[in-house]
Amino acid sequence: MGFFDFMYPDGRSHEVTAAQAHTKLQEGGVLIDIRPIFQWNAGHAAEAIHIPEERLIMSEAIHTDGLVILICDDGRRSQAAAERLRRQGIDAKNVHGGMRAWKSSGFSVVRS
């Protein structure tokens, strides 16, 4: 049983832990950091693509049949953005706890 299974008993959890996100990236998922440029420049996951939230929502920036994992600073904005993408038919998940969780899990962070 996963951490979020109690919230989504039918197995439809739309959130992943930082460790789960890291694994899904190695399996071909795409990590998109939706934070503003100043937060991105201060430190982001090495594997991430930067598409600020306003550009992500206002454009057709996502063209994939695979899993899209969104991340922000604490997971709140990326959770809402992931929900909007799911309504567009995109398989999107949110990193619970955002970059704070990513960093505290010890995954690589780079600065621009």
Side-chain angles (χ1 to χ4, degrees):
M1 177 177 258
F3 179 76
F4 297 104
D5 290 348
F6 73 96
M7 292 172 55
Y8 303 98
D10 60 357
R12 297 180 311 160
S13 174
H14 299 301
E15 290 199 315
V16 293
T17 64
Q20 289 169 325
H22 191 263
T23 298
K24 290 186 182 298
L25 291 177
Q26 295 172 347
E27 296 170 352
V30 176
L31 180 64
I32 299 176
D33 190 322
I34 66 165
R35 297 176 302 154
I37 191 70
F38 73 92
Q39 287 181 328
W40 165 264
N41 288 342
H44 57 273
E47 304 86 350
I49 298 167
H50 185 232
I51 303 177
E53 181 179 14
E54 55 279 349
R55 194 172 126 221
L56 177 76
I57 302 308
M58 296 173 60
S59 73
E60 295 181 14
I62 307 298
H63 299 284
T64 183
D65 292 328
L67 177 63
V68 173
I69 304 166
L70 300 182
I71 194 166
C72 67
D73 188 48
D74 61 9
R76 289 182 282 181
R77 285 178 292 151
S78 54
Q79 182 179 28
E83 176 59 33
R84 289 190 292 270
L85 290 179
R86 283 192 298 277
R87 285 195 300 261
Q88 295 175 17
I90 296 170
D91 184 11
K93 295 195 181 287
N94 171 55
V95 177
H96 182 77
M99 279 303 295
R100 293 176 188 182
W102 186 269
K103 290 175 188 175
S104 69
S105 294
F107 296 119
S108 64
V109 175
V110 296
R111 293 177 186 261
S112 294

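Keep in mind that this is a model prediction, so the values were computed, not measured. In what follows, every heavy atom counts, from backbone to side chain, and hydrogens, waters and symmetry copies are set aside.
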Practice task
Looking only at non-hydrogen atoms, find the nearest pair between Ala81 and Ile34 and report the distance.
Solution key: CB-CD1, 4.0 Å

Exercise for the section: Side-chain contact test, heavy atoms from C-beta onward, threshold under 4.5 Å: evaluate it for Glu47 versus His22 and give yes or no. Expected result: yes

Handout entry: Heavy-atom closest contact (Leu31 atom, Ala45 atom, distance)
Key = CD2-CB, 3.6 Å

Handout entry: Atom of Val95, atom of Thr17 and distance for their closest heavy-atom approach
Key = CG1-C, 4.4 Å

Exercise for the section: Please indicate whether Lys24 has more than 12 foreign heavy atoms, meaning atoms of other residues, nucleotides or ligands, lying under 6.0 Å from its NZ. Expected result: no

Completion exercise
So CD1 of Ile69 and CG of Asp91: to nearest 0.5 Å the spacing works out to 9.0 Å

Practice task
Enter the distance from Ile51:CD1 to Leu56:CG here, rounded to the nearest 0.5 Å.
Solution key: 6.0 Å

Completion exercise
Heavy atoms of Arg55 and His50 approach each other most closely as NH1-O, 4.2 Å

Handout entry: Test item: Arg86 side-chain N/O and Ala92 main-chain N/O as donor-acceptor pair under 3.5 Å
Key = yes

Problem - Residue Arg84 excluded, over 12 heavy atoms near CZ under 6.0 Å - result: yes

What side-chain donor-acceptor pairs closer than 3.5 Å can you find for residues 105-112, not counting sequence neighbours?
from, atom 1, to, atom 2, distance (Å)
Ser105, OG, Ala101, O, 2.9
Arg111, NH1, Ala42, O, 2.9
Ser112, OG, Trp40, NE1, 3.2

Handout entry: Spacing of NE2 belonging to His44 relative to NZ belonging to Lys103, to within rounding of 0.5 Å
Key = 11.0 Å

Exercise for the section: List in chain and number order the residues that pass salt bridge (charged side-chain N to carboxylate O under 4.0 Å, His left out) with Arg35, two or more places apart in sequence or in another chain; answer none if no residue qualifies. Expected result: Asp33

Problem - Atom pair OG (Ser78) and CD (Glu83), whose distance is rounded to the nearest 0.5 Å - result: 12.5 Å

Problem - Steps toward side chain to side chain contact (heavy atoms under 4.5 Å, CB included) verdict (Gln88, Leu85) - result: CA-CA 5 Å; Gln88 295 175 17; Leu85 290 179; 4.0 Å; yes

Handout entry: Side-chain donor/acceptor of Asn94 to backbone N/O of His14, under 3.5 Å
Key = no

Fill in the blank from the handout: Here the pair of heavy atoms bringing Leu70 nearest to Ala82 is CD1-N, 3.3 Å

